[in-house]
Amino acid sequence: MPELPEVEATARSLRPRLVGQRVSRVHGVDWPRMLPNTSEEELNSSLSSRRVVSVGRRGKYLLVGFDDDRWLAIHRKMSGNLILQPAADPTEPHTHLSIELDDHAELRFVDPRKFGRVYLFGSSDELDDFLAERLGPDSLIELDEKVLASKLRGRKARLKPLLLDQSFVAGVGNLYADEALWEARLHPLRSADSLSAREVRRLAQAIKHVLSTAIERRGTSFSTYRDSDGLPGENQDFLSVYGREGQPCPRCGTPISRIMIGQRSSYFCPKDQRAPSTSGRGLGLPRGAQRSAG
DNA sequence: ACATAGACTCGGGCTC
DNA sequence: ATTGCCCGAGTCTATG
């Protein structure tokens with residue numbers, strides 16, 4: 001269930017082993033719905049004998065570039081893993097696509113829940129159009145205090161669902177949203193345009209810090225996530241709030257709370273992340289009528 | 001007063 | 001049950 005750090009960790013582990021390799025064949029598609037804009041036949045005919053020239057990432061998409069400017073964009077959604085192993089090794093269950101390389105390694109897309117998707121594009125322009133209509137600024141490389149402030153301005157939505165909206169900022173998911181809001185000491189239900197300049201700066205810095213630290217630990221592995229070498233990450237040992245309901249806040253010792261926001265669990269420290277006023281919005285009260293709580 | 005558009009929330013669905 | 005995300009329906013708000 002990768003978010004940005006898990007995709008970035010996978011890209012980094014794949015890059016030195018994929019770049020320079022030629023595709024010998026594409027096979028093993030057993031679930032055509034995972035290829036919304038292509039087919040096994042088209043992948044095989046267009047990628048065979050093409051050389052990989054880049055392995056990158058944008059938001060939660062892994063991007064593989066080939067020497068004729070064709071591109072693959074792979075989204076793992078909830079349960080997808082990309083594993084690189086010898087083509088002679090047995091394929092594990094739930095493998096839905098295999099890309100064989102001329103060094104006899106094979107890149108395999110393994111996805112028990114079949115939510116993951118693989119897209120093929122004929123040029124970087126097509127790829128850029130696809131990404132541009134889905135993704136906001138990349139939360140690791142394009143997000144800073146100014147960008148975040150302009151994105152938040154005029155938005156009434158609650159912070160947590162906004163951070164999960166990939167067209168708002170790309171790459172943050174449920175786990176890292178909670179970790180970043182905790183680090184910035186902001187309640188997930190705060191309305192976006194209620195943040196002070198100082199709070200916006202804290203949030204921008206917290207997002208980048210949480211993501212880059214997790215990348216150094218090769219991502220967070222709960223049950224299924226593995227990098228392309230089959231190794232789990234280590235960040236699960238360093239989480240502050242996610243999945244830690246009732247356990248002490250690392251900063252103040254207060255038990256961590258869990259609430260549901262938009263059908264997703266949200267974990268936070270009820271003392272450090274102060275709840276917004278409940279009278280602030282949508283109840284017809286005049287501005288300034290909110291309880292001033294310090 | 002009323003219509004409309006856009007922002008926003010919620011629930012279901014995908015799949016095992 | 002879950003680290004994702006799409007879609008449709010309904011609500012709310014600002015605007016003319």
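Everything numeric here is computed off the predicted structure, so don't read it as measured data. Computed over heavy atoms, backbone and side chain alike; hydrogens, waters and symmetry mates excluded. Letters A, B, ... mirror the listed sequences (proteins, then strands); counts begin at 1.
Annotation: side chain to side chain donor-acceptor pair (under 3.5 Å) contacts of A:Ser194 (sequence neighbours excluded): A:Arg190. For A:Asp129, the side chain to side chain donor-acceptor pair (under 3.5 Å) test picks out no residue, with sequence neighbours left out.
A close approach under 4.0 Å does occur between a side-chain nitrogen or oxygen of A:Lys60 and OP1 or OP2 of C:dC5. For A:Lys114 and B:dC14, the shortest distance from a side-chain N or O to OP1 or OP2 is not below 4.0 Å. In terms of phosphate contacts, A:Arg264 brings a side-chain nitrogen or oxygen within less than 4.0 Å of OP1 or OP2 of C:dG4. For the OP1/OP2 pair of C:dC5 and a distance below 4.0 Å, the side-chain nitrogens and oxygens of A:Arg134 include no atom meeting the criterion. The side chain of A:Arg113 contributes no N or O atom lying less than 4.0 Å from OP1 or OP2 of C:dG4. Contact annotation: A:Gln166 reaches the phosphate of C:dC5 (side-chain N/O to OP1 or OP2, under 4.0 Å).
Protein atom CG of A:Asp111 is 16 Å distant from nucleotide atom P of B:dC14, rounded to whole Å. Note: CD (A:Glu133) to C1' (C:dC6) measures 14 Å, nearest angstrom. Remark: C1' of C:dC6 and CZ of A:Phe130 are 13 Å apart, rounded to the nearest angstrom. Regarding A:Phe168, its CZ atom lies at a distance of 20 Å from the C1' atom of C:dC6, rounded to whole Å. If you measure from atom CE of A:Met260 to atom P of B:dT9, you get 15 Å, rounded to the nearest angstrom. Atom NE2 in A:His96 sits about 11 Å away from atom P in B:dT15, given to the nearest Å. One can place CZ of A:Arg117 at 10 Å from C1' of C:dC5, the figure rounded to the nearest angstrom. A:Glu3 has its CD atom 13 Å from the C1' atom of C:dC5, to the nearest Å.
Of all the residues in residues 170-184 of chain A, A:Gly173, A:Asn174, A:Leu175 reach under 4.0 Å from DNA chain C with at least one non-hydrogen atom.
Nearest to the side chain of A:His94, among B:dC14, B:dC8, B:dC16, sits B:dC16. Each of C:dC5, B:dC8, B:dC10 was ranked by its minimum atom distance to the side chain of A:Gln263; first place goes to B:dC10. Side-chain atoms of A:Ala157 lie closest to B:dC8 of the nucleotides C:dT2, B:dC8, C:dC5. For A:Arg155, the side-chain atoms get nearest to B:dA7 when compared with the rest of B:dT15, B:dA7, C:dT2.
A salt bridge links A:Arg70 with A:Asp68; the closest basic N to acidic carboxylate O contact falls under 4.0 Å. Under 4.0 Å is where a charged nitrogen must lie from a carboxylate oxygen, and between A:Asp237 and A:Arg217 no such pair does. Of the charged side-chain nitrogens involved, at least one lies within less than 4.0 Å of a carboxylate oxygen, so that A:Asp178 and A:Lys160 count as a salt-bridged pair.
A cation-pi arrangement is present between A:Arg251 and A:Trp182 under the rule of less than 6.0 angstrom and at most 45 degrees off the ring axis. Remark: A:Arg134 is positioned above the aromatic ring of A:Phe130, its terminal NZ or CZ atom under 6.0 angstrom from the ring centre and at most 45 degrees off the axis.
Side-chain N/O atoms of A:Arg158 and base N/O atoms of B:dT9 include no donor-acceptor pair closer than 3.5 Å.
In this pair, A:Phe115 does not lay its aromatic ring on the base of C:dC5; centres under 5.5 Å and planes under 30 degrees do not both hold.
Between A:Val241 and A:Cys269, the shortest heavy-atom contact is CG1-N, 4.5 Å.
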